[in-house]
**Student:** 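Structure below; questions to follow.
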Amino acid sequence: MRIATVGKGGSGKTTLAGTLARMLASRQEKILAIDGDPNPNLALTLGITREATGKINFIPHTVMKLEEDESGERVLKMALSQSELFQQYGAKAPDGIDLIVMGHPADGTAGSG
Amino acid sequence: MCASHRAVRGLIVELTGYGKHTVTDMEAGLEHLKRGTAKNVDMMLIVVEPYYRSLEAGMRTFKLATELKIPHLYAVSNKVRTEADREAIETFCQQHSIPIITTIPYDENLIESERKAIAPIDFNPVAPSMQAIGHISDWVLARG
């Protein structure tokens, strides 16, 4: 299931997302966590240390490219393979969770959050 | 469309099937909904707090998400300190036909875990807030 948490800043949506991911993962469910918030704190609520959080590479927006398919419709395609994506940008969180963090324009790596 | 919204939306689509579930912490605000990021989501959890502006924002999100036909759409009451808090959220949500999946109490454990930079689930897995979130986990697991 593709689950998303939304809410105002400071509402607790990140705590909810991180905790829910951990709970599902602890039940042997394979989980991918995506931090789509420009203030990336999801790593910390997942249980990644502050130090490791600082080393996560943000995914640049250029990872998605608009292309035209056969029918001429514009579709979003990944500019690199899934395995390349996780190799370059993926982080490991407890319980086998994979995390990726969307960067915001002109950003390099995640801060301490 | 903003590159950021487009990329998140595209990634959610591309990476579906990577794991059993994806959990995406969305950007605050409604912009991503207008831009259609949320179209590729099966379950949306709208976090609301017991004060009017939060509830109003939650209601607007709910309306937009309903238009996008997200199959499982729920409010999550958060930071509930008193019975009056709980009632305020429940009354508001009832008036606007927003289902509440769980109520997370205000919990000092969350403050303390953040101060110590420990994940809340590791800091105190049986904290009241963790138990409340556990209801959502059970809900998801029950549906495979």
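Protein chains get the first letters and strands the later ones, always in sequence-line order, with residue 1 at the start of each.
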**Student:** Which bit of I97(A) is near chain B, if near means a heavy-atom gap under 4.5 Å: side chain, backbone, both or neither?
**Tutor:**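 For I97(A), neither part sits under 4.5 Å from chain B.
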**Student:** Enter the distance from T22(B):OG1 to I3(A):CD1 here, rounded to the nearest 0.5 Å.
**Tutor:**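 Those atoms lie 7.0 Å apart.
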**Student:** Measure L66(A) against the heavy atoms of chain B and call it side chain, backbone, both or neither at under 4.5 Å.
**Tutor:**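 Contact with chain B involves the side chain of L66(A) alone.
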**Student:** Check the hydrophobic clustering (I, L, V, M, F, W, Y; side-chain heavy atoms under 4.5 Å; chains of links allowed) and say if M78(A) and F86(A) are grouped together.
**Tutor:**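 Same hydrophobic cluster.
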**Student:** Which residues in residues 121-141 of chain B have any heavy atom closer than 4.5 Å to a heavy atom of chain A?
**Tutor:**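 When heavy atoms of chain A are the reference, residues 121-141 of chain B contributes I121(B), D122(B), M130(B), I133(B), G134(B), I136(B), S137(B), D138(B), W139(B), V140(B), L141(B) within the under-4.5 Å range.
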**Student:** Give a yes or no on whether E68(A) atom CD has more than 12 heavy-atom contacts from other residues, nucleotides or ligands under 6.0 Å away.
**Tutor:**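 Count over threshold, so yes.
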**Student:** For I48(A), is it the side chain, the backbone, both, or neither that has a heavy atom closer than 4.5 Å to a heavy atom of chain B?
**Tutor:**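 Looking at I48(A), nothing touches chain B.
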**Student:** Going by residue number, which parts of residues 73-89 of chain B are within reach of chain A, meaning a heavy-atom gap below 4.5 Å?
**Tutor:**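 When heavy atoms of chain A are the reference, residues 73-89 of chain B contributes V76(B), N78(B), K79(B) within the under-4.5 Å range.
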**Student:** Measure the spacing between NZ of K20(B) and CE of M1(A) and express it to the nearest 0.5 Å.
**Tutor:**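 Going from the NZ atom of K20(B) to the CE atom of M1(A) covers 9.5 Å.
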**Student:** Within a radius of less than 6.0 Å around NZ of K30(A), do more than 12 heavy atoms belonging to other residues, nucleotides or ligands occur?
**Tutor:**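 Yes - once you tally the heavy atoms of other residues, nucleotides and ligands closer than 6.0 Å, there are more than 12.
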**Student:** Could you state the interatomic distance from OG1 (T5(A)) to CE (M44(B)), rounded to the nearest 0.5 Å?
**Tutor:**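 T5(A) atom OG1 to M44(B) atom CE measures 8.5 Å (nearest 0.5 Å).
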**Student:** I need the contact set between residues 14-24 of chain A and chain B: heavy-atom distance under 4.5 Å, sorted by residue number.
**Tutor:**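 Within residues 14-24 of chain A, the residues that come under 4.5 Å of chain B (heavy atoms only) are T14(A), T15(A), L16(A), A17(A), T19(A), L20(A), A21(A), R22(A), M23(A), L24(A).
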**Student:** Following the transitive rule for hydrophobic clusters with a side-chain heavy-atom cut-off under 4.5 Å over Ile, Leu, Val, Met, Phe, Trp and Tyr, establish whether L80(A) and I100(A) coincide in one cluster.
**Tutor:**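 Hydrophobic grouping puts L80(A) with I100(A).
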**Student:** Are K13(A) and D25(B) side-chain neighbours, meaning at least one heavy-atom pair lies under 4.5 Å?
**Tutor:**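 Answer yes - side chains close enough.
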**Student:** Tell me, please, which residues at least two apart from E90(B) pass side chain to side chain donor-acceptor pair (under 3.5 Å).
**Tutor:**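 Applying side chain to side chain donor-acceptor pair (under 3.5 Å) to E90(B) gives none.
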**Student:** Count the heavy atoms of every other residue, nucleotide or ligand shown that sit under 6.0 Å from CD of Q94(B), and state whether that count exceeds 12.
**Tutor:**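 At most 12 heavy atoms, drawn from other residues, nucleotides or ligands, come within 6.0 Å of this atom.
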**Student:** Calculate, to the nearest 0.5 Å, the distance between atoms NZ and CD1 belonging to K8(A) and I46(B) respectively.
**Tutor:**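 Atom-to-atom, K8(A):NZ and I46(B):CD1 are 13.5 Å apart.
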**Student:** L42(A), D98(A), V63(A): which one forms the most heavy-atom pairs within less than 4.5 Å of chain B?
**Tutor:**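 Among the listed options, the one with the most contacts to chain B is D98(A).
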**Student:** Sort out for me which of G10(A), S11(A), S26(A) touches chain B most, counting heavy-atom pairs under 4.5 Å.
**Tutor:**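 Max contact count across the listed options: S11(A).
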**Student:** Does CZ belonging to R143(B) count more than 12 external heavy atoms closer than 6.0 Å?
**Tutor:**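 Result for CZ/R143(B): enclosed.
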**Student:** Can you get from Y106(B) to V48(B) by hopping between Ile, Leu, Val, Met, Phe, Trp and Tyr side chains that sit under 4.5 Å apart?
**Tutor:**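 No, it is not one cluster - the side chains of Y106(B) and V48(B) are not joined through contacts under 4.5 Å.
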